[in-house]
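Hydrogens, waters and symmetry mates are skipped; everything else that's a heavy atom, side chains included, is used.
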Amino acid sequence: MDARIAITVNGEARDIAAGATVAALLAEIGLDTRKVAVERNEEIVPRSTYAAVALTPGDRLEIVHFIGGG
């Protein structure tokens, strides 16, 4: 069985695979990394580091999805 960890995303509890990165979480949610901003534990995560930043138990993330319009 895969190990899971508990995090909070936009105020909602979520279980993800242990060792998952910000990029993996965004892929699981179905969000394009080019169209979001991510804050982890009240600090902005640079887009260039999404694939390298591993999530840990108790992390609190806020994800803002940019939507184009006209």
Side-chain angles (χ1 to χ4, degrees):
M1 178 181 242
D2 292 335
R4 309 288 289 177
I5 62 171
I7 63 170
T8 303
V9 179
N10 293 351
E12 295 184 14
R14 185 177 193 99
D15 285 337
I16 61 167
T21 62
V22 171
L25 172 65
L26 293 173
E28 184 177 310
I29 295 172
L31 295 175
D32 185 339
T33 59
R34 298 169 298 172
K35 297 181 180 178
V36 297
V38 179
E39 180 184 272
R40 176 182 175 229
N41 302 326
E42 300 183 1
E43 292 186 17
I44 298 294
V45 179
R47 184 173 291 118
S48 62
T49 66
Y50 285 178
V53 175
L55 300 172
T56 58
D59 276 349
R60 298 182 65 80
L61 289 98
E62 293 294 327
I63 301 172
V64 178
H65 184 220
F66 301 106
I67 300 173

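By the 4.5 Å heavy-atom criterion applied to side chains, Ile16 and Val9 are not counted as neighbours. When side chains are defined from C-beta on, Ile29 counts as touching Ile63, because their heavy atoms get closer than 4.5 Å. You'll find the side chain of Leu61 reaches within 4.5 Å of the side chain of Leu55, heavy atoms only.
Between Thr33 and Arg47, the shortest heavy-atom distance links the atoms O-NE, 3.0 Å. Shown here for Gly19 and Ala54, the closest heavy-atom pair between the two residues is O-CB, 4.4 Å. Among all heavy-atom pairs drawn from Ala51 and Thr21, the shortest one is O-CG2, 3.3 Å. For the pair Ala17 and Ile5, the tightest heavy-atom approach, listed with the atom from each and the gap, is O-CG1, 4.3 Å.
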Decide side chain to side chain contact (heavy atoms under 4.5 Å, CB included) for Val38 and Leu25; before the verdict, give the C-alpha distance in whole Å, the side-chain angles of both, and the deciding distance to 0.1 Å.
-> CA-CA 11 Å; Val38 179; Leu25 172 65; over 6 Å; no
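Checked by atom type and distance alone, the side chain of Asp59 never pairs as donor or acceptor with a backbone atom of Ile7 at under 3.5 Å. A distance-only check finds no donor-acceptor pair linking the side chain of Thr8 to the backbone of Gly11 [under 3.5 Å].
Within the model, atoms CD of Glu42 and CD of Glu39 stand 6.5 Å from one another, a figure rounded to the nearest 0.5 Å. Distance check: Arg34 CZ to Leu26 CG gives 12.5 Å after rounding to the nearest 0.5 Å.
Crowding of Arg60 atom CZ: a count of heavy atoms from other residues, nucleotides or ligands under 6.0 Å not exceeding 12.
Of the listed residues (Asn41, Ile44, Asn10), just one forms a side-chain contact (heavy atoms from CB on, under 4.5 Å) with Glu62, and that residue is Asn10.
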